[in-house]
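Keep in mind that what you see is a predicted model, and the values were worked out from it rather than measured.
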Amino acid sequence: MKHVTGIGGIFFKATNPKKLGEWYREHLGLEVEEYGGVTFRESTAGVESSPTREAYTVWSPFEIDTDYFAPSEKPFMINFRVADLDALLAKLREEGVKVDERTEKSEFGYFGWAMDPEGNRIELWEPPEIPTASA
């Protein structure tokens, strides 16, 4: 079973995230949102079979002193979109991978975390279901 379905986001530390976001807005035309990042959304317009989950990629600078990437000491974290977070976390644990015991569910989806062999924290994200229209 394929677990990773794409990149959900690139997160990195910045000395001044707001100023950096403004630079990217000015010079590259990124539509930096109020939270300080950019959400690149995949469109379902013109697609015969629409996806059942939301799919988008986030670009987001974090404060230089954030502990969100801990226990990694690296200045970045990659978020991978996954198909079945619970199954993947169980598989990683069976394989001896260091997996954070905490998971988080919100309107943005279902999140879990693990560490790779070089000490990089990776975020695993199962996007939320797309609401279906009520009849």
Side-chain angles (χ1 to χ4, degrees):
M1 174 181 184
K2 181 179 177 184
H3 291 286
V4 172
T5 61
I7 299 291
I10 306 296
F11 310 112
F12 58 95
K13 295 181 181 182
T15 304
N16 187 332
K18 183 175 178 159
K19 186 174 180 180
L20 185 62
E22 290 168 359
W23 184 94
Y24 274 89
R25 178 185 293 123
E26 178 182 346
H27 298 286
L28 296 180
L30 295 186
E31 294 180 24
V32 179
E33 298 173 40
E34 191 172 314
Y35 74 89
V38 176
T39 304
F40 299 95
R41 297 189 185 281
E42 294 181 17
S43 173
T44 58
V47 177
E48 287 182 27
S49 60
S50 296
T52 59
R53 297 195 177 275
E54 290 190 52
Y56 48 87
T57 304
V58 174
W59 171 93
S60 186
F62 279 66
E63 292 290 341
I64 195 76
D65 61 351
T66 186
D67 62 357
Y68 191 68
F69 305 165
S72 175
E73 295 182 15
K74 306 289 178 82
F76 65 90
M77 181 176 65
I78 297 176
N79 169 293
F80 290 100
R81 277 193 306 260
V82 302
D84 183 342
L85 181 61
D86 288 327
L88 178 55
L89 293 176
K91 181 177 184 292
L92 293 173
R93 286 184 179 102
E94 287 172 11
E95 296 170 347
V97 174
K98 183 178 178 184
V99 174
D100 194 323
E101 292 303 315
R102 179 178 68 94
T103 59
E104 184 177 306
K105 287 185 179 182
S106 74
E107 68 272 20
F108 303 112
Y110 186 27
F111 298 86
W113 298 268
M115 297 291 286
D116 78 11
E118 293 197 2
N120 298 302
R121 181 170 169 93
I122 55 174
E123 187 169 63
L124 304 167
W125 170 54
E126 184 178 321
E129 295 281 336
I130 295 176
T132 57
S134 299

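Under a 3.5 Å cut-off, the side chain of Arg25 and the backbone N or O of Val32 do form a donor-acceptor pair. Looking at Trp125, its side chain does come within 3.5 Å of a backbone N or O of Phe108 through a donor-acceptor pair. No donor-acceptor pair under 3.5 Å is formed between the side chain of Thr57 and the backbone N or O of Gly9.
Ion pair Glu104/Arg102 flagged as a salt bridge, since at least one NZ, NE, NH1 or NH2 atom sits closer than 4.0 Å to an Asp/Glu carboxylate oxygen.
Leu20 approaches Ala14 most closely through the heavy-atom pair CD2-CB, 3.8 Å. Val97 and Ala114 make their closest contact through CG1-CB, 4.2 Å (heavy atoms, listed as atom of the first residue, atom of the second, distance).
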For a side-chain contact (heavy atoms from CB on, under 4.5 Å) check, start with the C-alpha distance between Ile10 and Asn79, then their side-chain angles and the critical distance, and finish with the verdict.
CA-CA 6 Å; Ile10 306 296; Asn79 169 293; over 6 Å; no
Full working for salt bridge (Lys or Arg N to Asp or Glu O under 4.0 Å) between Asp116 and Lys98:
CA-CA 8 Å; Asp116 78 11; Lys98 183 178 178 184; over 6 Å; no
Step by step, would you call Phe80 with Ile7 a side-chain contact (heavy atoms from CB on, under 4.5 Å)?
CA-CA 5 Å; Phe80 290 100; Ile7 299 291; 3.6 Å; yes
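If you look at Phe11 and Trp59, their ring centroids are not closer than 6.0 Å.
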Would you be so kind as to tabulate the donor-acceptor pairs closer than 3.5 Å made by side chains of residues 63-78, with sequence neighbours excluded?
{"from": "Thr66", "atom 1": "OG1", "to": "Tyr68", "atom 2": "N", "distance (Å)": "3.1"}
{"from": "Tyr68", "atom 1": "OH", "to": "Glu123", "atom 2": "OE2", "distance (Å)": "2.4"}
{"from": "Ser72", "atom 1": "OG", "to": "Lys74", "atom 2": "N", "distance (Å)": "3.0"}
{"from": "Ser72", "atom 1": "OG", "to": "Gly119", "atom 2": "O", "distance (Å)": "2.9"}
{"from": "Lys74", "atom 1": "NZ", "to": "Glu118", "atom 2": "O", "distance (Å)": "3.1"}
{"from": "Lys74", "atom 1": "NZ", "to": "Asn120", "atom 2": "OD1", "distance (Å)": "3.2"}

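Val58 has its side chain within reach of Tyr35: a pair of non-hydrogen atoms, C-beta onward, lies under 4.5 Å apart.
By the 6.0 Å and 45° rule, Lys105 stacks over the aromatic ring of Tyr110.
Ring-plane geometry between His27 and Trp23 is classed as tilted, the angle between the planes lying from 30 to 60 degrees on a 0 to 90 degree scale.
Rounding to the nearest 0.5 Å gives a distance of 11.5 Å between CG of Asp84 and OG1 of Thr5.
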